[in-house]
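Here the structure comes first, spelled out in C-alpha cells, and everything after it is commentary.
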Amino acid sequence: MANTQAMCTSFMGQLLNGGHQFGSITLVSRTSLTTPTVDTFKAALYLTSATVNASTTAYSATNEVSGTGYTAGGVTITGSPAWNAPTATNTSITAGTAFTTPTASITYTTVTLGTAFDAVLIYNSTQSNTAVSVHTFGSQTITAGTFTLTMPANTTAAALLRIATT
C-alpha cells in the first residue's frame, strides 16, 4: 500500500459535467442563477498504510487517521478568497493553465495522531464526498499539537490544483 499524489481521475470527468463549484460563477444547473451554491471542500488525513491515489473516487474513513482532537472527515478548507467563499473569484487562467489554491493553510489544531500519516485527500463534501486530489508529504506523527499544511503559491507552476492544455 502506498499513497500517491495525483488529481483524482473521477474529478477530471466531473469537472466536464459541472460537478464542482469552487466559486460564485453563475451556472444554469445550480439551485439559483443569481445566488449560486458554492460547494464545501474538506481535507482528510490518511495513514502511511493507506492507498489513496488517482483512482480514489470518494472520501472514505478507511485508513483515515484517528486520534485525540481529530474529527473523521477532516477539516473544511477555508480562507478568503477560498473555495468556500461565495464571493470569491477562485480560479485563474494564464497561458493555457487554469489554477486555484486556497488562501488559508489547512490546519488541524490540538491533535494527537500517534500512527504515521503522509497524505491528505481533498474532497467535495457537498457533492457526495467526491474526491478531488491527493497530496503527499513526509511521514508525520503529532502529539498534542497543531499540524498545518501550508498552501503553495497560486501560480501556474505551484497552485494546489492545475489543469493545463498541454
Holding to ring-ring contact (aromatic ring centres under 6.0 Å, His included), I want the full list of residues that pass it with F147, two or more places apart in sequence or in another chain.
F117, F137
Verify side-chain contact (heavy atoms from CB on, under 4.5 Å) between V75 and I106, making sure each step is shown before the conclusion.
CA-CA 8 Å; V75 297; I106 299 171; 3.6 Å; yes
Gap between atom OG of S133 and atom CG of L121 - 0.5 Å precision
7.5 Å
What are the two closest non-hydrogen atoms of T148 and S105, and how far apart are they?
CG2-CB, 3.6 Å
Kindly write out the residues that satisfy side-chain hydrogen bond (donor to acceptor under 3.5 Å, both in side chains) with S55, not counting sequence neighbours, or none if the list is empty.
N53
Hits for side-chain contact (heavy atoms from CB on, under 4.5 Å) against A116, two or more places apart or cross-chain, chain-then-number order -> T48, S139, T141
Side-chain heavy atoms of T146 within contact of V111, under 4.5 Å:
no
Mind checking side-chain hydrogen bond (donor to acceptor under 3.5 Å, both in side chains) for T150 and listing every partner two or more places apart, or none if nothing turns up?
none
With a 4.5 Å cut-off on side-chain heavy atoms, are V120 and V134 touching?
no
Heavy-atom nearest pair, A58 first then S128, reads CB-O, 4.5 Å
State whether the side chain of S125 and the backbone N or O of T40 hold a donor-acceptor pair below 3.5 Å, judged by distance alone.
yes
Looking only at heavy atoms, the pair that brings Q5 and T136 closest together is OE1-N, 2.9 Å
Going through the distances and angles, do F99 and L161 end up as a side-chain contact (heavy atoms from CB on, under 4.5 Å)?
CA-CA 6 Å; F99 55 97; L161 292 179; over 6 Å; no
How long is the straight-line distance from CG of D39 back to CG of N124, given to the nearest 0.5 Å?
4.0 Å
For Y46, enumerate each residue passing the ring-ring contact (aromatic ring centres under 6.0 Å, His included) test, keeping only those at least two apart in sequence or located in another chain.
none
Mind listing the closest non-hydrogen atom pair of Y123 and G73 along with its distance?
OH-O, 2.6 Å
Here the pair of heavy atoms bringing T101 nearest to P152 is CG2-O, 3.3 Å
What's the spacing between N63 CG and L45 CG if we round to 0.5 Å?
13.0 Å
Keeping the roles fixed (side chain from R162, backbone from T97), state whether a donor-acceptor pair exists under 3.5 Å.
no
Does anything in residues 107-121 pair up under side chain to side chain donor-acceptor pair (under 3.5 Å), and if so which pairs, sequence neighbours excluded?
N3-D118
When hydrophobic residues are tied together by side-chain contacts of less than 4.5 Å, even through go-betweens, does L149 share a cluster with V65?
yes
OG1 of T103 to CD1 of I77: how many Å apart, nearest 0.5 Å?
11.0 Å
Nearest 0.5 Å, what's the NZ-CD1 distance between K42 and I122?
12.0 Å
The complete set of side chain to side chain donor-acceptor pair (under 3.5 Å) pairs with one or both residues in residues 65-74, sequence neighbours excluded, reads E64-Y70
